[in-house]
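Reading through the structure tokens given below for one structure.
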Amino acid sequence: MLKVFNDLTMEREEFVPLEPGKVAMYVCGPTVYDYFHIGNARTFVVFDAIRRYLEYRGFKVTFVQNITDVEDKIIRRAAERGTSPEEVARQYTDAYLEDSAALGIKPADVQPKATEHIAEIIDFIQRLVDRGYAYVVDSDVYFDTSRFTEYGKLSHQSLEDLEAGARVEVDERKRHPADFALWKAKKPGEPGWDSPWGEGRPGWHIECSAMSTKYLGETIDIHAGGADLIFPHHENEIAQSEAASGKPFARYWLHGNLLNVGGQRMGKSLGNFVTVREARRQYDPEVIRFFLLSAHYRSPLNYTPESLESAKGALERLYNAAVTLEHLARPERLAREQGRADEFHARLPKYKDQFTAAMDDDFNTADAISALFDLVRDAHASLGPDAPAGVAAEALALLRELGGVLGLLGRAGGLDDLAEEVQSLIDQRQAARARRDWKESDWIRDELAAKGIILEDTPSGVRWKRKV
Ligand code: AMP
Ligand code: ZN
């Protein structure tokens, strides 16, 4: 039985989707004003693994993730750079898609952008105004939290608590300090769209309500994100959506614990972050993924440079075992007379059960990874040089099957040190270009192309990607 911890009820519950066999899942996506960091990546990787496990369990999952491509931080970044918000959003949307693909994150079934859903957002806000849940002040529209009696049910606090905790500079335009903007009037130099309330742009929260409803319906199965989104983002999404539809918005609310650095959350504003882009220069992205899945998603996970190093060592052990099994299972061995490994063979289903029991226990990826190590340890102890090829092939297939549920161990052969090698070649090429040695620089580019690496010269330096 699959059990999940639901932050709405604060209980472990059996997971039963609304429609048998189908899961409607929405995970809040990035605000595209910069490269995303490995903290953000923890959330994205974790919910990718959860999606994969649901699929492995036979559910047909429809996975929607938004891209927030109009927001204060994007506008500010564009002003700093003397470029347009659209340009900033485009650049970092591309970077997000590229880095998340490198991390083995499956593309969403729908990846809607806020700026492409302005009409739906306006309709949604209009419905809230019509139903008396939103009020207009000049050309701004606010959600009236006092009208939604269940406000606070996800973050488990009352409006009175929130009022008491409100900061001193109370916004006079709001009826209650917890009220939030659904529509923001355009200020000079900002992007804006026509609306019944004047030119402006959507607030952040409303896009998720509008897009989740459009693509998944009024009530969905799973809504997820990092724990920092519980309040106010998800609380506000619930208020808007349930006020508009009169129905429950999401049945299971799942939040991933944040990645910390020295006890503090990794965050852009705190300056303690490592981007996925940077980490990829030093480590294979699968190592980063492995590290992010090494703890249960609701448990704390602390980042230190050594943590990636030890993740690399651990993942290498799994890959080395896969290589050994590949070797034992090679076709020419299949025909030969071999020893027996009946007991090991009989134990294989046990590892599969151990893995699924861990994942059924609120997606415990840490224990699921332990099951992979137990399998590999047993294989190592049980399969000598004369081990039967068929059993080795079965063990390998199981290792790949279970690893694949976590988005790991998908490559034939071992884990390589491509990232380090590529970076060193790029550095050599930059040095060659600096001394105007075009021949050497072209030669290195060709060398990289032969390894399946494509280089891109951008204003912010050379970027590389694997040809896939
Ligand atoms: P943002 O681009 O800031 O909207 O964040 C995108 C996602 O990353 C959200 O689901 C956040 O909850 C999540 N997130 C932000 N910081 C961290 C962190 N340190 N650890 C894990 N997830 C995070
Ligand atoms: Zn959201």
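Note that ligands are numbered from 1 as they come in the structure, with each ligand's atoms numbered from 1 the same way.
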Subset of ligand 1 atoms that lie under 4.0 Å from at least one heavy atom of Gly39: 17 (C), 18 (C), 19 (N), 20 (N), 21 (C), 22 (N), 23 (C)
Heavy-atom pair of closest approach, residues Leu8 and Ala250: CD2-O, 4.3 Å
Protein N, O or S atoms lying under 2.8 Å from the Zn ion (ligand 2), listed by chain and number: Cys28 SG, Cys208 SG, His233 NE2, Glu237 OE2
Stepwise side chain to side chain donor-acceptor pair (under 3.5 Å) test for Gln240 and Asn236: CA-CA 6 Å; Gln240 298 159 160; Asn236 292 350; over 6 Å; no
Mutual orientation of the aromatic rings belonging to Trp204 and His233 [parallel < 30°, tilted 30-60°, perpendicular > 60°]: parallel
Validation row, ring centre Tyr92 to ring centre Tyr35 under 6.0 Å: yes
Nearest neighbour in protein (non-hydrogen) for atom 17 (C) of ligand 1: Leu258 CD2, 3.6 Å
Test: Glu235 and Lys153 ion pair at under 4.0 Å: no
Verdict with reasoning, Leu159 to His176, per side-chain contact (heavy atoms from CB on, under 4.5 Å): CA-CA 9 Å; Leu159 263 185; His176 188 284; 3.5 Å; yes
Note: Arg377-Asp374 ion pair, threshold 4.0 Å (strictly below): yes
Protein heavy-atom partner closest to atom 19 (N) of ligand 1 - residue, atom, separation in Å: Met266 O, 2.7 Å
Nearest protein heavy atom with distance in Å, relative to atom 9 (C) of ligand 1: Leu229 CD1, 3.8 Å
Residue pairs fulfilling ring pair (Phe, Tyr, Trp, His ring centres under 6.0 Å) with at least one residue in residues 105-134, sequence neighbours excluded: His117-Tyr215
Atoms of ligand 1, numbered as shown, that sit under 4.0 Å from any heavy atom of Thr43: 10 (O), 13 (C), 21 (C), 22 (N), 23 (C)
Within-cut-off N or O pair, Arg42 and ligand 1, under 3.5 Å: no
Close approach, Phe44 and ligand 1, non-hydrogen under 4.0 angstrom: yes
SB check Asp72 Lys184 (cutoff 4.0 Å): yes
Short N or O distance, Asp228 and ligand 1, threshold 3.5 Å exclusive: yes
Check: Gly267 N/O within less than 3.5 Å of ligand 1 N/O: no
Contact (N/O only, under 3.5 Å) between Gly226 and ligand 1: yes
Glu218-Ser245 side chain donor-acceptor pair, cut-off 3.5 Å: no
Qualifying salt bridge (Lys or Arg N to Asp or Glu O under 4.0 Å) pairs, either residue in residues 295-309, two or more places apart: Asp7-Arg298
Distance from atom 2 (O) of ligand 1 to nearest protein heavy atom, with residue and atom: Thr31 N, 3.1 Å
Aromatic contact, His234 with His255 (centres under 6.0 Å): yes
Side chain to side chain donor-acceptor pair (under 3.5 Å) contacts in which one or both residues fall within residues 38-49, not counting sequence neighbours: His37-Asn40, Asp48-Arg52, Asp48-Arg289
For ligand 1, the portion of His37 having any non-hydrogen atom under 4.0 Å away: side chain
Heteroatom distance test (Leu259, ligand 1): nitrogen or oxygen, under 3.5 angstrom: yes
Close-contact set for ligand 1 against Arg265 heavy atoms, below 4.0 Å: 15 (C), 16 (N)
Nearest non-hydrogen protein atom, atom 14 (N) of ligand 1: Asn40 ND2, 3.5 Å
Check ion pair Asp179-Arg147 (N to O, under 4.0 angstrom): no
4.0 Å heavy-atom contact, Pro30 with ligand 1: yes
